[in-house]
Amino acid sequence: MVDPGKNIEASNKNIQSQATADRILEGMFLVGVAGVSLLFGFGRSFATVRNREKIVDPTVVNRMEGSALALRALGWGSLIAVTGVGAISFGIWKAMGVRNMQEFREKVGNFLPRIPRKENPGSRTQFENLTELFQYIIDEDNKSKMKKTEAPQSTEINQDSR
C-alpha cells in the first residue's frame, strides 16, 4: 500500500523546486533585458557623439576622440566598481563564516538594528487605484494649506491681546 504522506511530500518538493527554477529563469530574463537595454543605450549614445565629432586637424593622431575616451573611462570605472563591491562582499561573507544566503541573511539580520514599525501610521497606505491616491494627496495638501493659513492668524490674535 502506498503511503499518502510520502506522495504529498514528494509533490511539495516538486512544486518548490519548480518555483525556484521559475524564479531563476525570471531573474535571468530580467538581467538579460536590462543588459541588452544598457548596451543599446550606451551604444546609441556613443554612436551619436561619434557622428557629431569631426576631427579638425588630421595631423593630431595622439588625441583620443571624446567618445573613445568616455568609453575607456566607463570601462575602467565599471571594472573598479564591480571588483570593489565583489571584494568587499566576499570579505564580509568569509568573515561571517556563512555557507549560503540563508545563513548570511540571518547573521546580517541579527547584526543590524531593528527598525520599529508603526502600528498606526496616521495616514492611508492602501489605495484602490491611482485616482484615489491622487485625490488623497490633493486632500492632504489642502488640509496642510488650511493649517498653515490658520496658524498665523492665531498668533496675531495672541499678540493683539497683550
Side-chain angles (χ1 to χ4, degrees), residues 1-50 52-53 64-151:
M1 181 164 197
V2 177
D3 185 14
K6 289 183 181 181
N7 288 339
I8 293 173
E9 289 175 12
S11 66
N12 284 342
K13 287 182 182 179
N14 288 339
I15 291 170
Q16 288 175 350
S17 65
Q18 182 64 33
T20 303
D22 288 344
R23 284 186 188 158
I24 290 172
L25 288 174
E26 290 167 357
M28 288 172 47
F29 174 74
L30 289 176
V31 167
V33 168
V36 168
S37 300
L38 181 76
L39 289 175
F40 177 75
F42 278 120
R44 177 81 176 162
S45 62
F46 282 123
T48 304
V49 169
R50 183 171 247 162
R52 287 185 194 164
E53 287 182 349
M64 293 181 78
E65 292 182 20
S67 60
L69 186 61
L71 185 59
R72 184 176 172 198
L74 176 68
W76 278 106
S78 299
L79 177 69
I80 290 169
V82 169
T83 303
V85 168
I88 290 169
S89 300
F90 183 74
I92 291 171
W93 183 279
K94 286 299 179 183
M96 293 181 124
V98 294
R99 290 179 232 187
N100 56 31
M101 283 301 289
Q102 182 67 28
E103 287 180 32
F104 181 75
R105 188 179 138 264
E106 289 172 3
K107 285 194 176 185
V108 169
N110 291 335
F111 177 72
L112 295 175
R114 299 250 183 243
I115 299 173
R117 294 182 184 232
K118 293 181 181 179
E119 293 298 323
N120 186 4
S123 60
R124 289 184 58 186
T125 57
Q126 300 293 325
F127 300 96
E128 294 294 323
N129 52 36
L130 284 176
T131 306
E132 190 177 333
L133 170 65
F134 290 141
Q135 187 60 48
Y136 174 76
I137 291 171
I138 291 169
D139 292 343
E140 288 297 313
D141 187 47
N142 289 338
K143 285 180 187 177
S144 67
K145 285 179 183 177
M146 294 285 279
K147 287 181 183 177
K148 286 180 183 178
T149 57
E150 291 174 2

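Side chains included, hydrogens not; waters and symmetry mates left out as well; all remaining heavy atoms used. One-based numbering along the sequence shown.
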From CG (N129) to CD (E132), nearest 0.5 Å: 5.5 Å
Return all side-chain donor-acceptor pairs below 3.5 angstrom for residues 83-98, not counting sequence neighbours, or 'none' if the list is empty.
{"residue": "T83", "atom": "OG1", "partner": "L79", "partner atom": "O", "Å": "2.7"}
{"residue": "S89", "atom": "OG", "partner": "V85", "partner atom": "O", "Å": "2.8"}
{"residue": "W93", "atom": "NE1", "partner": "V98", "partner atom": "O", "Å": "3.3"}

What pairs of donor and acceptor atoms, side-chain ones from residues 32-41 against any protein atom, are under 3.5 angstrom apart with sequence neighbours left out?
{"residue": "S37", "atom": "OG", "partner": "V33", "partner atom": "O", "Å": "2.8"}

Hits for side chain to side chain donor-acceptor pair (under 3.5 Å) against D141, two or more places apart or cross-chain, chain-then-number order -> K145
With rounding to the nearest 0.5 angstrom, report the CG to CD1 distance, N142 to I137. 12.0 Å
Using the test side chain to side chain donor-acceptor pair (under 3.5 Å), find all partners of Q135 that sit at least two apart in sequence or belong to another chain. D139
Identify, with sequence neighbours excluded, every residue that meets side-chain contact (heavy atoms from CB on, under 4.5 Å) alongside E106. Q102
Which value, rounded to the nearest 0.5 Å, describes the distance between N110 atom CG and R105 atom CZ? 10.0 Å
So side-chain hydrogen bond (donor to acceptor under 3.5 Å, both in side chains) across residues 21-32, not counting sequence neighbours, yields Q18-D22
